[in-house]
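For reference, the structure is listed below as structure tokens.
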There are 4 protein chains.
Amino acid sequence: MAAQKSAQSAPSVQSAPDSTRRSERSRRAIYDAALALVAEVGYPRTTIEGIAARAGVGKQTIYRWWPSKADVLMEAFLDLAEQAAQEAGQEPYVIPDTGDLEADLKAVLRLTVDQLKDPRFAAPSRALAAEGLVNEQLGREYVAKLLEPSLQLYVDRLRSAQEAGQVRPDLDPRIALELFVSPLAQRWLQHTGPISYEYTDTLVDYALHGLAPR
Amino acid sequence: MAAQKSAQSAPSVQSAPDSTRRSERSRRAIYDAALALVAEVGYPRTTIEGIAARAGVGKQTIYRWWPSKADVLMEAFLDLAEQAAQEAGQEPYVIPDTGDLEADLKAVLRLTVDQLKDPRFAAPSRALAAEGLVNEQLGREYVAKLLEPSLQLYVDRLRSAQEAGQVRPDLDPRIALELFVSPLAQRWLQHTGPISYEYTDTLVDYALHGLAPR
Amino acid sequence: MAAQKSAQSAPSVQSAPDSTRRSERSRRAIYDAALALVAEVGYPRTTIEGIAARAGVGKQTIYRWWPSKADVLMEAFLDLAEQAAQEAGQEPYVIPDTGDLEADLKAVLRLTVDQLKDPRFAAPSRALAAEGLVNEQLGREYVAKLLEPSLQLYVDRLRSAQEAGQVRPDLDPRIALELFVSPLAQRWLQHTGPISYEYTDTLVDYALHGLAPR
Amino acid sequence: MAAQKSAQSAPSVQSAPDSTRRSERSRRAIYDAALALVAEVGYPRTTIEGIAARAGVGKQTIYRWWPSKADVLMEAFLDLAEQAAQEAGQEPYVIPDTGDLEADLKAVLRLTVDQLKDPRFAAPSRALAAEGLVNEQLGREYVAKLLEPSLQLYVDRLRSAQEAGQVRPDLDPRIALELFVSPLAQRWLQHTGPISYEYTDTLVDYALHGLAPR
DNA sequence: ACCTAAGCGAGACGGTACGTCCGGTCTTCGA
DNA sequence: TCGAAGACCGGACGTACCGTCTCGCTTAGGT
């Protein structure tokens with residue numbers, strides 16, 4: 001008779017925040033501040049306090065929704081990627097399938113080169129990768145949310161080529177794609193060498209036709 | 001034979017400490033403490049204060065000789081590698097040249113797999129790589145001191161194979177080696193896939209003979 | 001007789017809440033929670049959030065009706081005192097007037113001693129006194145609502161004694177009462193000494209007959 | 001043989017700071033800042049961060065040496081009192097003994113009135129008293145270090161008067177002094193009435209000769 | 001008997017201060 | 001004169017509350 005709570009479906013482990021009441025305004029401001037700071041002062045000198053101050057937000061608002069600086073940046077970056085995709089209108093991030101595997105791979109890798117050189121993406125992406133090396137949990141998230149979806153596109157394209165008889169029938173596409181993707185990734189991440197269209201073209205050439213003489 | 005620092009006549013800039021009076025005891029203790037801590041609690045939670053305390057050393061003794069946590073770990077790791085090499089006696093970590101390029105590459109990559117799985121090396125090495133992504137200066141040092149020497153061995157072996165007509169005459173060895181080295185590196189660093197002898201064997205196979213059908 | 005607020009025609013400043021629709025239930029719960037918390041964890045660790053949570057009440061419900069933690073406690077305490085008075089039925093807390101001033105004062109001070117030792121009253125009362133020292137506005141309210149009414153009773157009794165020729169004709173009763181009331185108050189508030197019937201009896205003795213030999 | 005710590009005389013519960021290496025400079029700056037802030041913004045709005053900032057000191061330097069804000073202020077105030085005593089050259093804080101008890105008490109109480117009205121002393125002293133009401137441990141310290149020494153002077157003076165036959169032979173001086181000291185204290189602390197020479201003179205008069213007619 | 005406007009529980013929000021940890025510098029003392 | 005010890009200033013950490021602000025949801029009165 002008195003106020004009776006029908007707590008039926010309310011497991012609510014421990015004061016989980018109510019995401020329906022979350023401030024969209026604050027979230028956007030935090031994303032923007034996080035990305036801006038990482039770009040300006042680098043990841044290690046980006047602090048939660050700094051993000052909060054720049055976003056005009058209380059620190060608790062960050063701690064309420066994210067467990068760590070790395071997770072903030074991860075979501076911010078995912079959001080950025082999503083936005084960029086939407087801005088680009090149609091979906092540009094698919095590997096073309098003109099029937100000519102070599103040309104298609106070279107084309108998409110040239111696009112990737114452009115993207116890796118875009119400073120908007122470079123700083124946060126490298127920061128996340130770095131943190132992911134050392135923070136296993138974040139690393140797996142990075143791989144699952146950012147890396148694997150892209151790699152899957154290569155798998156698909158290679159399978160299509162396989163059906164068309166353009167690559168070995170026994171090929172493992174998940175390994176095969178690493179022959180041209182991993183070198184580019186390593187050069188970019190570890191500064192082990194310059195990145196250019198010529199370089200990626202060469203990678204595709206070597207990978208498809210092999211290092212041995214024909 | 002190895003880089004030998006003639007520290008005698010290197011006063012360096014500003015109030016250089018007199019390295020002739022440096023305590024060998026302290027240096028060893030600091031190396032050991034740094035490696036142990038990185039292995040135990042991970043790189044981010046390894047602190048200079050912690051290293052100093054564990055090594056039974058004043059903080060200043062660390063700051064006097066190294067500019068940063070990363071540099072301590074870098075030297076500690078280089079020292080570890082050197083020690084390991086000496087312990088192993090000969091086996092000077094070169095790539096065998098039996099005349100069969102494919103067999104030689106598979107063999108050396110299998111050794112690399114073993115090394116990457118050695119927990120003594122894994123933690124500090126990954127930590128240094130991570131820090132190197134974000135700290136450009138350290139990154140270059142990491143590449144120059146740890147990565148490039150190894151890669152150069154592949155360059156040499158590939159050139160030898162080139163002279164023997166086992167690889168394309170126009171091949172750029174510095175790029176070619178990345179086809180099998182970078183995939184392994186990426187899987188290890190970013191946990192993007194499992195590492196095994198079978199995997200590296202496959203990499204060498206694909207790289208040498210190409211993805212396209214013969 | 002007591003201060004009766006004719007709240008009807010008092011729109012007061014800025015968005016005054018409509019006190020006719022106030023929840024009696026919440027008020028009681030807040031009083032209880034406030035007194036309980038002060039008794040359990042002490043005044044400084046009693047928080048508005050804590051009171052609200054314990055009372056099962058929104059924070060805003062507290063802020064709507066009280067300007068500060070101290071005011072909540074003040075009202076809660078006044079309510080407690082009022083309730084206690086009503087429970088006690090009559091015994092309207094006046095000083096007896098048997099004609100024997102010394103006996104009457106000793107009797108009423110013994111009652112006061114009992115009251116000061118009642119733990120229900122001690123914690124909140126001391127807390128309010130403390131806050132009053134530092135918060136001038138609250139201090140005046142504390143004095144006006146809690147202290148002065150009691151002191152006035154002594155003034156009245158002393159005047160009656162004056163008319164009966166039992167105290168000096170030129171006596172200022174407002175000062176005179178302090179000779180036995182203030183020492184007791186100070187011992188209680190500042191723990192400067194033990195409190196007992198013997199002590200208050202002595203105070204009355206000294207105050208009435210003086211320290212000097214007769 | 002190896003580094004063997006002769007921990008003989010090193011009980012050292014838990015990383016107790018080494019007070020011989022304490023910075024006198026910092027201590028002074030902290031005292032000054034604490035007193036200034038209490039005077040300017042009041043005790044509740046005086047924060048440890050504020051003190052540290054104003055003193056140009058790291059927060060840790062405060063936490064290293066004092067357990068709480070109240071303790072900082074306590075020491076600062078004791079230091080101030082000590083300094084004031086030294087500045088005054090000879091020791092002024094003794095109750096004169098001219099043989100005329102009444103005159104001596106009136107004189108020293110007038111001095112006390114002056115002191116209570118000195119704003120340098122008033123703010124911190126009242127703040128400490130308030131905190132002491134609620135924080136039992138601090139309260140005892142306040143009483144022991146600030147109050148009791150002064151009260152002891154009255155005890156001594158009263159005993160001297162007792163030997164001279166100017167007060168009752170059976171008098172308990174510790175209680176007797178409260179007849180004129182406590183009223184003054186209460187008026188000052190709780191704003192229960194004005195403070196003046198006339199008032200303290202009256203108190204002494206009443207206390208010595210009693211409220212009853214002679 | 002409905003309608004509407006308030007009080008209500010809840011709790012997210014921008015803030016401030018907390019007390020702790022560590023970075024990098026500086027000072028003291030013993031070997 | 002180096003090294004251990006550790007105090008120092010500074011600044012970020014993650015937490016606790018402040019007082020304000022929205023959200024539905026009761027819950028009166030007024031019509």
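A note on names: the letters A, B, ... follow the listed sequences, proteins ahead of strands, and every chain is numbered from 1. As the structure is a computational prediction, the values presented were derived from the model and not from experiment.
For residues 128-139 of chain D, the set of pairs meeting the side chain to side chain donor-acceptor pair (under 3.5 Å) definition, not counting sequence neighbours, comprises D:Glu136-D:Arg140. Within the structure, side chain to side chain donor-acceptor pair (under 3.5 Å) pairs that include any residue of residues 44-61 of chain D comprise D:Glu40-D:Arg54, D:Glu49-D:Lys59 (at least two apart or interchain).
The interatomic distance linking A:Glu24 (CD) with F:dT22 (C1') rounds to 16 Å, in whole Å. In this structure, the CG atom of D:Asp18 is 11 Å from the P atom of E:dG30, given to the nearest Å. Look at CD1 on D:Ile51: it is 12 Å from P on E:dA17, rounded to the nearest Å. Taking atom CD1 of B:Ile62 as the reference point, atom P of E:dG24 lies 11 Å away to the nearest angstrom.
Residues meeting the side chain to side chain donor-acceptor pair (under 3.5 Å) test with C:Asp71, sequence neighbours left out: C:Ser68. By the side chain to side chain donor-acceptor pair (under 3.5 Å) test, B:Ser125 pairs with no residue at all, sequence neighbours left out. Taking the side-chain contact (heavy atoms from CB on, under 4.5 Å) definition, one finds that C:Ala129 meets it with C:Tyr142, C:Leu189, D:Leu133, D:Gln190, sequence neighbours left out. Applying the side-chain contact (heavy atoms from CB on, under 4.5 Å) criterion to D:Arg21, with sequence neighbours excluded, gives D:Asp18. Evaluation of the side chain to side chain donor-acceptor pair (under 3.5 Å) rule for B:Lys69 yields no partner, not counting sequence neighbours. With sequence neighbours excluded, the residues satisfying side chain to side chain donor-acceptor pair (under 3.5 Å) with D:Glu24 are D:Arg27.
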Check the interface with nucleotides 17-19 of chain F: list each N/O to N/O pair with the protein under 3.5 Å, or write none.
from	atom 1	to	atom 2	distance (Å)
F:dC18	OP1	C:Ile48	N	3.1
F:dC18	OP2	C:Ile48	N	3.3
F:dC18	OP2	C:Glu49	N	3.1
F:dG19	OP2	C:Tyr63	OH	2.9
F:dG19	N7	C:Lys59	NZ	3.2
F:dG19	O6	C:Lys59	NZ	2.6

Under 3.5 Å, which N/O atoms of the protein pair with N/O atoms of nucleotides 28-31 of chain F?
none

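No contact: C:Trp66 has no heavy atom under 4.0 Å from any strand. Contacts of D:Arg22 with the nucleic acid, taken as non-hydrogen atoms under 4.0 Å apart, involve only primed sugar atoms and P, OP1 or OP2.
When the nearest nucleotides of DNA chain F are assigned to B:Thr61 and D:Ala55 by heavy-atom distance, the more 5′-ward of the two goes with B:Thr61.
Remark: C:Ser26 is not in phosphate contact with E:dG7, judged by side-chain N or O atoms under 4.0 Å from OP1 or OP2. Not one side-chain nitrogen or oxygen of A:Trp65 sits closer than 4.0 Å to the OP1 or OP2 atom of E:dA12.
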Got a list of side-chain donor-acceptor pairs under 3.5 Å for residues 28-39 of chain A, not counting sequence neighbours?
from	atom 1	to	atom 2	distance (Å)
A:Arg28	NH2	A:Asp79	OD2	2.8
A:Tyr31	OH	A:Glu75	OE1	2.9

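Of all the residues in residues 27-42 of chain C, not one reaches under 4.0 Å from DNA chain F with any non-hydrogen atom.
Taking the side chain as every heavy atom from C-beta outward, B:Val72 and B:Trp65 never approach each other to under 4.5 Å.
Here the OG1-CZ distance, from A:Thr20 to A:Arg22, works out to 11.5 Å after rounding to the nearest 0.5 Å.
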